[in-house]
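The structure appears below as structure tokens.
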Amino acid sequence: MAKDCSFDIVSEFDKQELVNAVDQVKRELTTRFDLKGSNSDVILDADKSITITTNDEMKLRNILDILQSKMIKRGLSIKILDAQAIENALGGNVRQVFNLKKGLTQELAKKIVADIKNTKLKVQGSIQGEQVRVSGKDKDDLQAIIKMLRENEDKYEVPLQFQNYR
């Protein structure tokens, strides 16, 4: 009798790696000549958002580039950054908040389940909170689903990870 195999599709990020990336950006702000006296700051707010405050929009873009490069080097996807509008701050500064995306929304989970059903493989996708569980009898079908999702990852607005493969 064949046993069902399954895995979970989630969207998470490593909190410690994000803390390390923000710390590296803060260190680089003190050493780069073009940002040295700019009164710039990068704040990580309890794994919910990152706030960048600086003198002007050009420096803001430079700091964002530094942040993104540090995140990529640490294996974090820049898709987790949800940029908000640039706003004016005290003292003529500008501020931009980047909310951190975590978990699958209901709409995205439904889209993933629909994509899985469209493959016509003998697997089932079920939404369980902020994740999608995919189960089936054949491990090759599950691996084909993972491959399909990785190839089409650009059409999802969050990075996908695959856990609990059994």
Side-chain angles (χ1 to χ4, degrees), residues 7-116 125-134 145-164:
F7 68 90
D8 296 331
I9 303 169
V10 297
S11 178
E12 295 177 348
F13 56 88
D14 188 348
K15 294 173 187 166
Q16 188 58 48
E17 290 296 337
L18 186 64
V19 168
N20 292 342
V22 170
D23 286 344
Q24 283 183 326
V25 171
K26 286 181 181 180
R27 252 184 266 121
E28 192 161 329
L29 287 179
T30 61
T31 59
R32 274 188 50 161
F33 72 95
D34 59 338
L35 299 171
K36 230 177 197 171
S38 67
N39 198 17
S40 300
D41 196 17
V42 179
I43 300 168
L44 176 62
D45 179 31
D47 304 326
K48 299 235 184 293
S49 66
I50 297 174
T51 305
I52 300 175
T53 308
T54 188
N55 290 0
D56 56 47
E57 289 188 29
M58 177 133 172
K59 288 180 181 151
L60 183 76
R61 283 193 297 275
N62 289 344
I63 295 170
L64 179 60
D65 286 344
I66 296 168
L67 176 66
Q68 289 176 340
S69 70
K70 300 296 182 192
M71 287 174 64
I72 290 170
K73 284 181 184 174
R74 296 198 153 272
L76 296 168
S77 173
I78 58 174
K79 287 183 178 182
I80 65 172
L81 297 176
D82 182 20
Q84 304 300 307
I86 297 173
E87 53 193 40
N88 293 327
L90 291 174
N93 290 341
V94 291
R95 175 189 315 123
Q96 188 168 17
V97 176
F98 297 90
N99 293 330
L100 300 174
K101 296 181 194 174
K102 187 173 183 180
L104 299 176
T105 62
Q106 283 297 107
E107 301 88 42
L108 182 60
K110 287 177 184 176
K111 186 176 179 183
I112 290 171
V113 169
D115 289 348
I116 290 170
S126 61
I127 301 170
Q128 298 180 343
E130 292 186 340
Q131 67 183 19
V132 174
R133 167 137 319 148
V134 181
I145 295 295
I146 291 175
K147 182 179 181 211
M148 182 272 303
L149 289 171
R150 283 201 174 125
E151 288 171 353
N152 297 326
E153 194 169 13
D154 292 341
K155 76 179 193 179
Y156 308 119
E157 62 267 7
V158 295
L160 300 177
Q161 291 88 31
F162 308 101
Q163 297 178 339
N164 300 331

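As a basis for the values below, the full set of heavy atoms in this structure was taken, side chains included, without hydrogen atoms, waters or symmetry mates. Treat the numbers as computed from the prediction; the structure is a model and nothing was measured.
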* **Test item: Leu18 and Ile50 side chains (from C-beta on) under 4.5 Å apart, heavy atoms** => yes

* Are Ile116 and Ile9 close enough that some pair of their side-chain heavy atoms sits under 4.5 Å apart? -> yes

* To do: Could you tell me whether the side chain of Ile112 reaches within less than 4.5 Å of the side chain of Leu160, counting heavy atoms only?
  => yes

* Are Lys102 and Lys15 side-chain neighbours, meaning at least one heavy-atom pair lies under 4.5 Å? -> yes

* Of all residues at least two apart in sequence or in a different chain, which pass the side-chain hydrogen bond (donor to acceptor under 3.5 Å, both in side chains) check with Ser11? -> none

* **Leu67 side, atom CG; Phe98 side, atom CZ - distance, nearest 0.5 Å** => 7.5 Å

* Below 4.5 Å, heavy atoms only, C-beta onward: do Lys26 and Thr30 meet side chain to side chain? -> no

* To do: Taking all non-hydrogen atoms of both residues into account, name the closest pair between Gln131 and Leu104 and its distance.
  => CA-CD1, 4.0 Å

* Output the distance between atom CZ (Arg61) and atom CD1 (Ile52), rounded to the nearest 0.5 Å. => 12.0 Å

* Is Gln96 reaching over with its side chain to a backbone N or O of Ala83, donor-acceptor style, under 3.5 angstrom? -> no

* **Distance-minimising heavy-atom pair for Val113 and Gly125** => CG1-O, 3.8 Å

* Asked: Has Lys155 got more than 12 heavy atoms of other residues, nucleotides or ligands less than 6.0 Å from its NZ?
  -> yes

* Structure fact -> When rounded to the nearest 0.5 Å, the distance separating CZ of Arg74 from CG of Asp14 is 9.5 Å

* **Min side-chain heavy-atom separation Asn88-Val94 under 4.5 Å** => yes

* Side chain proximity check, Leu81 to Leu100, heavy atoms < 4.5 angstrom -> yes

* State, without any angle test, whether Asn20 and Gln16 hold a side-chain donor-acceptor pair at a distance under 3.5 Å. => yes

* Is any NZ, NE, NH1 or NH2 atom of the basic residue among Glu87 and Arg95 found under 4.0 Å from an Asp or Glu carboxylate oxygen of the other? -> yes

* Salt bridge Lys101-Glu157, side-chain N to carboxylate O under 4.0 Å -> no

* For the residue pair Lys59 and Asp34, what are the closest heavy atoms and their distance? -> CE-O, 3.6 Å

* Asked: Any donor-acceptor pair under 3.5 Å linking the side chain of Lys79 with the backbone of Tyr156?
  -> yes

* **Side chain proximity check, Gln24 to Glu28, heavy atoms < 4.5 angstrom** => no

* Structure fact -> Rounded to the nearest 0.5 Å, the NZ atom of Lys111 sits from the CG atom of Asp115 at a distance of 7.0 Å

* What distance do Leu29 atom CG and Thr54 atom OG1 have between them, rounded to the nearest 0.5 Å? -> 8.0 Å

* Look at atom NZ of Lys73 and say whether more than 12 heavy atoms of other residues, nucleotides or ligands are closer to it than 6.0 Å. => no

* Distance from Ser49 atom OG to Asp82 atom CG, nearest 0.5 Å? -> 10.5 Å

* Donor-acceptor pair, side chain of Ser77 and main chain of Ile80, under 3.5 angstrom -> no

